[in-house]
Amino acid sequence: MAVKCENCPLRSKDIFLSFTAEELKFMQRFKVGELTVDPQTTILMEGSNSPQLFTALHGMGLRYKLLEDGSRQVINFVFPGDFLGLQAGVMGEMGHSVEASSRMTLCVFDRAELWSLFKSHPDRAFDLTWLGASEELFLGEALSTVGQRSAFASVAWAMLRIHRRGMSLGLVDRGAMALPYRQQDLADALGLSLVHTNKTLAKLRNRQLMHWNDGVLTVSNVENLAIAAGIEIEEPRRRPLI
């Protein structure tokens, strides 16, 4: 049975901004159902014109682009609360694909109602704009990482970002969180070879900064991992939930 928006488990997370009563009623009308998919299922495909939009309710996935030679660039990682499909909703087709990395449950929305959201609920429309701007900010940081940071700093940055996202969602217990991604996914995100990624993870593990094994990421020292990444630890911004 689909979860009603008023009972959404994500709404209790401090990272997400609260709804007004009117926004909650609209979101319940906007939501048309739920979809559960298995790992490696394609949720949205590059070039497609999906009639549906999604919010990740449970599970994790990734966004990626395939190049002509068959290589893959992972754009970012999908966590609970992430909104999927806005690109197709605004531009007519997806410029990248979205795939489940674990079993996922997704809230499903009718894309045809997107314009009703902009027309009738400008605050919710601003939330969508905020999410788009946030993605742009992240991509700028990711591009700087791929282009300018060393492999050691890049992997440290990625592991820290993932761990901090997990903490904001209550997915971390005593420094450890379930992580369904593969080392190849991380390599494809950072533009590194699988061998280089594996060796860099080993260096981080040997320095007792983090450990990733058997689908579990454990960060031993957040402050030192941030130093290795060359960044300062910042409190996550509270974000809208669609």
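- Rounded to the nearest 0.5 Å, atoms CD (Gln73) and CZ (Arg63) are 14.0 Å apart.
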Give the C-alpha distance, both sets of side-chain angles, the deciding distance and a yes or no for side chain to side chain contact (heavy atoms under 4.5 Å, CB included) between Lys199 and Thr197.
CA-CA 5 Å; Lys199 289 181 177 179; Thr197 300; over 6 Å; no
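- The shortest heavy-atom contact between Ser102 and Gly59 is OG-CA, 3.4 Å.
- Proximity of a side-chain donor or acceptor of Ser71 to a complementary backbone N or O of Leu67 within less than 3.5 Å is not detected.
- Of all non-hydrogen atoms in Ala228 and Leu209, the two that sit nearest each other are CB-CD1, 3.9 Å.
- In the displayed structure, Asp69 atom CG is contacted under 6.0 Å by more than 12 heavy atoms of other residues, nucleotides or ligands.
- With Met177 as reference, Val172 is the one residue of Val219, Val172, Thr218 to meet the side-chain contact (heavy atoms from CB on, under 4.5 Å) rule.
- A continuous path of ILVMFWY side-chain contacts below 4.5 Å connects Val155 to Ile233, so both sit in one hydrophobic cluster.
- Connection of Met159 to Val222 is established within a shared hydrophobic cluster, with ILVMFWY side chains joined at heavy-atom distances below 4.5 Å, either directly or through further cluster members.
- Inter-residue side-chain proximity for Leu131 and Ile242 is flagged as met; some heavy-atom pair is nearer than 4.5 Å.
- In this structure, Leu194 is not a member of the same hydrophobic cluster as Leu204, with clusters built from ILVMFWY side-chain heavy atoms closer than 4.5 Å.
- Val146 and Leu62 are assigned to two separate hydrophobic clusters, defined by single-linkage of ILVMFWY side chains at heavy-atom distances under 4.5 Å.
- Using modelled atom types, one side-chain atom of Arg149 and one backbone atom of Ala229 make a donor-acceptor pair closer than 3.5 Å.
- The pair Asp188-Arg182 does not meet the salt-bridge criterion, since no charged nitrogen lies less than 4.0 angstrom from a carboxylate oxygen.
- Judged purely by atom type and a 3.5 angstrom limit, Glu99 has no side-chain atom pairing as donor or acceptor with the backbone of Thr42.
- With a 6.0 Å radius and a threshold of 12 heavy atoms from other residues, nucleotides or ligands, Arg11 has its CZ atom above the threshold.
- Note that CZ of Phe54 is 10.5 Å distant from SG of Cys107, once rounded to the nearest 0.5 Å.
- Rounding to the nearest 0.5 Å gives a distance of 9.5 Å between CG of Leu186 and OG of Ser154.
- Judged by a 6.0 Å distance limit and a 45° cone about the ring axis, Arg239 is not positioned over the six-membered ring of Phe83.
- Between Val98 and His96 there is a side-chain heavy-atom pair separated by less than 4.5 Å.
- Nearest heavy atoms, Gly85 versus Met94: CA-SD, 4.0 Å.
- Residue pairs satisfying the ring-ring contact (aromatic ring centres under 6.0 Å, His included) criterion with at least one member in residues 165-199, sequence neighbours excluded, are listed as follows: Phe77-Tyr181.
- Taking CG of Leu35 as the start and CG of Leu57 as the end, the distance is 11.5 Å to the nearest 0.5 Å.
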With side chain to side chain contact (heavy atoms under 4.5 Å, CB included) as the test, would you mind laying out the steps for Glu22 and His121 before giving the verdict?
CA-CA 9 Å; Glu22 186 60 31; His121 295 272; 3.9 Å; yes
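- Inspection of the Glu141 and Trp157 side chains reveals an N or O donor paired with an N or O acceptor under 3.5 Å.
- Looking at Lys65 and Ile75, their side chains come closer than 4.5 Å, going by heavy atoms from C-beta outward.
- Residues Phe118 and Leu128 approach most closely at CE1-CD1, 3.8 Å, considering heavy atoms.
- No side-chain donor from either of Arg161 and Asn76 sits under 3.5 Å from a side-chain acceptor of the other.
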List the steps and the verdict of salt bridge (Lys or Arg N to Asp or Glu O under 4.0 Å) for Glu6 and Lys25.
CA-CA 9 Å; Glu6 62 184 15; Lys25 291 179 181 178; over 6 Å; no
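- For the residue pair Ser168 and Ile15, the shortest heavy atom distance occurs at O-CG2, 3.6 Å.
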Kindly determine whether Gln208 and Asn224 satisfy side chain to side chain donor-acceptor pair (under 3.5 Å), including the steps that lead there.
CA-CA 9 Å; Gln208 299 183 347; Asn224 285 347; over 6 Å; no
Chi angles and distances behind the salt bridge (Lys or Arg N to Asp or Glu O under 4.0 Å) call for Glu234, Arg237:
CA-CA 9 Å; Glu234 297 179 352; Arg237 297 182 181 90; 5.2 Å; no
Yes or no on salt bridge (Lys or Arg N to Asp or Glu O under 4.0 Å) for Asp110 and Arg29, after CA distance, side-chain angles and deciding distance?
CA-CA 10 Å; Asp110 183 358; Arg29 294 194 303 269; over 6 Å; no
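- Taken from CD1 in Ile43 to CD in Gln52, the straight-line distance is 11.5 Å, to the nearest 0.5 Å.
- In this structure, Leu201 is not a member of the same hydrophobic cluster as Val216, with clusters built from ILVMFWY side-chain heavy atoms closer than 4.5 Å.
- Here the side chains of Pro9 and Val3 are in contact, with some heavy-atom distance below 4.5 Å.
- Two residues are said to be in side-chain contact when any heavy atoms from C-beta on lie closer than 4.5 Å; Glu23 and Arg124 meet this criterion.
- Within 6.0 Å of CG on Asn7 lie more than 12 heavy atoms contributed by other residues, nucleotides or ligands.
- Across every non-hydrogen atom of Val37 and Ala100, the tightest pair is CG2-CB, 3.8 Å.
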Dump the intermediate steps for side chain to side chain contact (heavy atoms under 4.5 Å, CB included) on Arg72 and Val74, then the final yes or no.
CA-CA 6 Å; Arg72 185 182 67 159; Val74 170; 3.9 Å; yes
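- Between Met60 and Val78 there is no side-chain heavy-atom pair separated by less than 4.5 Å.
- For the atom pair Thr55 OG1 and Phe109 CZ, the distance stands at 4.0 Å (nearest 0.5 Å).
- A distance-only check finds a donor-acceptor pair linking the side chain of Ser150 to the backbone of Ala153 [under 3.5 Å].
- The closest side-chain heavy-atom distance from Leu160 to Ile231 is below 4.5 Å.
- Crowding of Arg238 atom CZ: a count of heavy atoms from other residues, nucleotides or ligands under 6.0 Å exceeding 12.
- A heavy-atom distance below 4.5 Å is found between the side chains of Ile162 and Phe79.
- Remark: side-chain polar atoms of His58 are not paired, donor with acceptor, to backbone N or O of Thr36 under 3.5 angstrom.
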